[in-house]
Structure formats: C-alpha cells, structure tokens
Amino acid sequence: MGNIAMPLTVAIPMLFAVLILVTGKFWRGVGSYLGPLAAFIILYLSFVLLGVKDTTYIMGGWIPPIGIVMVLDGLSKLMLIIINGIAFFSIIYAISYMSKYTAQFKFYALFLLMVAGMNGVVLSGDLFNLFVFLEIASLASYALVGFGVESEELEAGFKYLILGSVASIVILFAIAVVYNITGTVNMADVANTIGNPMLNKAVIFALGLFIFGFSLKAGLVPFHAWLPDAHPSAPAPVSAMLSGVLIKALGIYALIRVTFSVMGAPTEILSIIMWLGVVSTLVGVLLALGQYDLKRLLAYHSISQMGYVALGIGLGTPEGIAAGLFHMFNHATFKSLLFLDAGSFEQSTGTRDLRQMGGLMKKLPITSIGTLAGSVSISGLPPFNGFWSKILIIAAALASKQYLAAAIATFVAFGTLASFVKVMRFSLIGPLPKIYQNLKESPFSMTFSLLALSIICLISGLFYIFLMDSLFYPATNAILKQSAYISMVLGIGG
Amino acid sequence: MKKEKIKELIEDPNLGMTLIVKTVARITIALILLYGFYIIIYGHLTPGGGFAGGVILAIAYTLMMLAFSRRIALVKLSDFWASIWDNIGMLAFIVIGFVGLGFGYFLFNFLSKGKPFSLISAGIIPLLNLSIGIKIGAALYAIFIGLSIYGRLVLEEEE
C-alpha cells in the first residue's frame, strides 16, 4: 500500500496554495505564514520518506498498470530532499524579500504549486502523470518569472512560456508515440513490454523527442536560449528555485527516468546525453566569462554546471552517475545560495551590475560570507562540496576512457574559477562607492537562509563520503537496476 | 438594488448589441447554463463531464458579456467572485481527496457506488465533476474578463 507521506508531499502544497488564494483575498499577509508552514511540513515528510524502504503508493486503490501509481526509490528520495530543502530555504528568504512586491499571496500560492508539481514529477510512476505534474510546475514557473510585471520580466516570461510549451508539446507527442507502441503509459509496464528500444524506429524517434524536450527543460546547450533571460528576471527566491531545482527535477530527473528506468539506457543515447553535457559545460562557461550582470552570469553558470551533471550521467558507469547526482545536489545548494546572495545585493544596492558594486564585504558581511562560500564551492576549491563532485566526475570520465570530455571538464573548472574570481573582485573587495556608505545588512529571514545554505555547502563537502554512501549510491543503484524498478512497481519477479 | 441596476443597464441602448441580439441572448443564456449543468451532473453517465460542462457555463457568461456589454456581466458576477469560485472549486477537489485519505487511500472513492447508470451513483465522481465544473467555468470566465480588460476611450469631441 505504501507510505501515506508520498501523496501528501504533492497534496499538502496544493492544499495550502489554494487556502492561501482563498484567504488571501481577505487577508493579504496570509502567505508569509502558511507558505513557510507548508514548506516545513513537506521538508519534514521528505526526511521521513528518506528512512522508508523503497515502495509504491497506489492511488485510490486501483492496482498498476491500470491505476495511477507513485514510486519511491533511491533517486526519488534524493530529489525530494533537494527540492523540498531548497524550497524551504527559498520561502524563508522570500518572507523579507517579497515584502516590496504587491499581491504577495499569489507569489506564495504559485511557489507552492511549483513545488507540488516538482514533487509529483519525481514521485510519478507513469509517463502521463509525469507530464501533467511537469506542466503544473512549468506553468507556475512561467507566471513566477514574470512576477515583477516590468517589461524585461514579462519579455523573459513570455520567451520562457513559448519555448517551455514547445518542449511540453514535444514530450506529450513522445508519450503518445510510446503509448501507441506499447498500449500503456505506466513506466514499469512500458519498460517491461518495449524490449530493446534500439530495434524499433518509432521508439528511437520517441527517445529523440524525449531528449529534446527534457534537455530544453534542463537548459542544456543548444536548447538553452530561454535560461539566461528567465533566471535573472525572476525574483531572487524564484531564481534560486528555477536554477537550483526546477531544471533538475523537470529536466535531468525526467531524462534519467526515461532513458534508464524506461528504456534501459542504450549506449548511443547515453553518449548523446554525455556530449550534450560536454558542449553545455564549455558554451555555458565561455558565455558567462564576459558577463557583468551578476544574475545573468549565474544563469550561464547554471547551463555550464548542468552540463557537468549530464556528463556524469551520460558516462553510464556507477561512478559517473553517482558523481553526477552528487554534483546535482551540490549545484542545488551553491547555485541557490548564489542567487539568493545576488538578490540580497540587489535589494541593498539596487543594482545587479558588478561594475557598480565594490567593497561590500564591510557593509554586508553575512551576504558576503554567503557569496564567498558559494563562489568557492562552484569554482571547485576544497574542502567545499563542488570540488569533490567535479573531481569525481573527471575521474569517472577518465576511467571510462573519455579523455576529451575529461579535458574539457577540467578546462571548464578553471573557467568557472576565473569568472568567480571576477565576481569576488568586483563585489566584495575594492573601494566602497560613496553612495553605499549607509548600507545595512539584509533582514534576519534572508541572512538565515544564506548562512544555512553556506553551512550545507561546507558540511556536504567535509562529509562527502558519508553522503555518497547514504544518498548517492542508493540513487545510482535505483537508476541502474531497471529490473528491480519493474518488479517493484508491477509486483512481479521479486 | 442590484436587480434595479441590472435592469437599468440592460435597457440602456448605448450598451451592448442590438435589441434583436439581446432578446435572443436573454433566452439562450438560461438554456446554455442549464445545458452546462446537465453536462456536469450527468458527467459520470454520458460523454462530457466537469471540464466540458464548465466550459459551457463560461460560454453562457461570455455570451452575456458580448450581447449586453462587459459592465452587466461584471455586475452579475464580478472578477472577485469569479476568482473566489475558481478557488473554491479547486479546494473542494483537494478536500475530497483528503477525505479519502481517512479511508485508506488519497482520492479513495468512499461513498456508496449505488446502482450503475442511475443519477446518484459512482460515489465521489459526480462531486469531483461538480467541483471541476465550477472551477473551469469560473476560471475561463475570469480569463475572458482579463482578455477584455482593454477598451477604447471615447473622447468628448466624438460624442
């Protein structure tokens, strides 16, 4: 029957989103109480689920493959922790940050709907529900990108809406092709009936469509055009969620689930994913180097770092996948930390342009510590977490004899370091401009999230062996053991 | 008070379309609303259901807006209440799902299933259809209000 917390991670944020919308009409400030409460409950539930044995939840008592099923395995547990952890810190941060916006309760409602959609994506056991939850999360994020309703934000939101909808339609079309071939949309049932996917041309076509759609959601090059516009334009907590979680849950997670659990990881497809990743790392970092807009620079680094994750996953070896998942976790922590820092700088100084900042270490100490921790992590300096995951990915690439990929990954690591040295040089040190003499540190709810995420960056770097054993290798096992997934969902064989 | 205002607005010849359209619309709106509710309530027995019926409900209000002008439609059902009904529909759906949790599963069909093909049967499905119908009807109407938010200013010289 499964654990009751599984449907609740989707249902509770939805319930709270609607409650906020109804009561928000009469009491505008309700979101800043109910929103963090809901985020805390689902964070607690995802920690509860971390300790639960792998299981399935049958919706409404209809057994699979007829009914809808939710699947909890190592990968889903990891994704739930990432999603709900970052969502919790972002929503705490948003209490102070969003106070300058109008219609705050709508922000919290959309934010919770986005979280509900992502939780649904990572728990869903069939392709069509994955698509439905993906659309819930995407539609909420389109609205959140344009939340400031300035011309720049609306343009970015519209661009994101068009490109994201193209990806959604392509994914739906791929699902239709798979349904036509197999007569089912239950992922385990599809995997059971489809056999070797490379023997059927229609399945190869569907796989190509899946890779296109999910790569666009993940922001991999050459499908990245929406990302550098959408991520900087959103309010800071939303940027942190988009960059830290959304592109992973809707893009990389769904890509992993379809290629590994459903299609059984054909090597040709894996090498396509790997080279998409390699190109993304290189292009992302080269585009980031010339940027002076802090949030835009971070958005280009998201492309680059997602490339690392795709590179690790595409290697297809247990070491590579575990390193890729570890980098995904690390990227969620340090990139959301950096986006929240950028929001704190923007709120204090009123600008995102690095050339107009300087010497902020003295005036904004906690934000600066956060920026320092995030920059050091993303550039891959020990003992912070980014170092370990990058070196593990490069080592895994060398072990699979992908020397060119390893060389590019190493080069990109130096490029990342260079561009974050630039960030620190322009924002933290140097002379303080006169207009910033009276700056004050951001309020407690913002600095709390910054400090907490900085500490997570450091601790997950120091205790990375423990994390690898408890989180990432179980997730890798869940990815690689397709037969275990099938037998768990359909209740056959094992 | 509200009735008098609506009557006054309906009889204003400057608002909305011609008398012919208004007369026909006055009859058909009621029939369209009735048909929308029929589609929703018989959703579990015949083709259609919450979504299709909700769209028909929204069409009735949209016809009202086109034939009699936007102002009358907003007096009948304002954007504020459209939004409230929209949220109430969704809330009802989620609450029914949570009640099912008390019987073991989320969205469990906990009511008596009744006799097949009779109106009161199929447990919670008619209730879910009703909540979806309300949500879709109110939401599409609210979208139409949003789309018709812009108008042309009538300058004094033109009058």
Side-chain angles (χ1 to χ4, degrees), chain A residues 1-28 30-31 34 38 41 45 55-64 67-70 103 105-106 108-110 112-113 116 119-120 123-125 129 132 136 139-140 143 146 149, chain B residues 44 49-51 54 74 77-113 122-143 145-147 149-150:
Chain A
M1 175 183 152
N3 196 300
I4 214 146
M6 286 162 68
L8 287 184
T9 50
V10 184
I12 284 182
M14 272 194 186
L15 177 72
F16 274 77
V18 186
L19 277 180
I20 288 171
L21 278 176
V22 175
T23 47
K25 297 250 187 280
F26 309 100
W27 177 28
R28 297 256 147 192
V30 64
L34 288 184
I41 294 172
L45 287 179
T55 176
T56 58
Y57 187 87
I58 298 158
M59 294 294 285
W62 298 83
I63 50 163
I68 297 169
V69 63
M70 287 178 137
F105 67 99
K106 288 184 184 161
Y108 289 103
L110 284 168
L112 289 176
L113 271 183
N119 284 341
L123 283 173
S124 169
N129 275 292
V132 171
I136 292 176
L139 285 172
V149 291
Chain B
H44 57 296
F51 194 98
L74 285 182
L77 180 64
S78 67
D79 50 346
F80 178 83
W81 281 104
S83 173
I84 291 277
W85 279 112
D86 176 14
N87 296 330
I88 285 176
M90 186 168 165
L91 189 63
F93 194 103
I94 297 176
V95 167
I96 291 170
F98 267 94
V99 172
L101 206 55
F103 294 83
Y105 293 100
F106 189 76
L107 263 182
F108 185 75
N109 197 339
F110 54 86
L111 290 178
S112 146
K113 311 288 184 297
I124 61 169
I125 294 175
L127 294 178
L128 295 179
N129 266 334
L130 191 63
S131 54
I132 294 176
I134 290 170
K135 179 180 166 53
I136 297 294
L140 280 182
Y141 174 63
I143 289 172
I145 294 175
L147 289 176
I149 204 163
Y150 298 105

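Just so we're on the same page: letters track the sequence lines, and every chain starts at 1.
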key: Heavy-atom contacts under 4.5 Å, residues 80-90 of chain B to chain A   = B/F80, B/S83, B/I84, B/N87, B/M90
ask   = What part of A/F16 lies closer than 4.5 angstrom to a heavy atom of chain B: side chain, backbone, both or neither?
value = neither
request  = Check side chain to side chain contact (heavy atoms under 4.5 Å, CB included) between B/L101 and all other residues, then give those that pass, not counting sequence neighbours.
outcome  = A/I4, A/L8, A/Y57, B/F98, B/F106
inquiry  = Please classify the contact between A/I12 and chain B as side chain, backbone, both or neither, with a heavy-atom cut-off of under 4.5 Å.
reply    = both
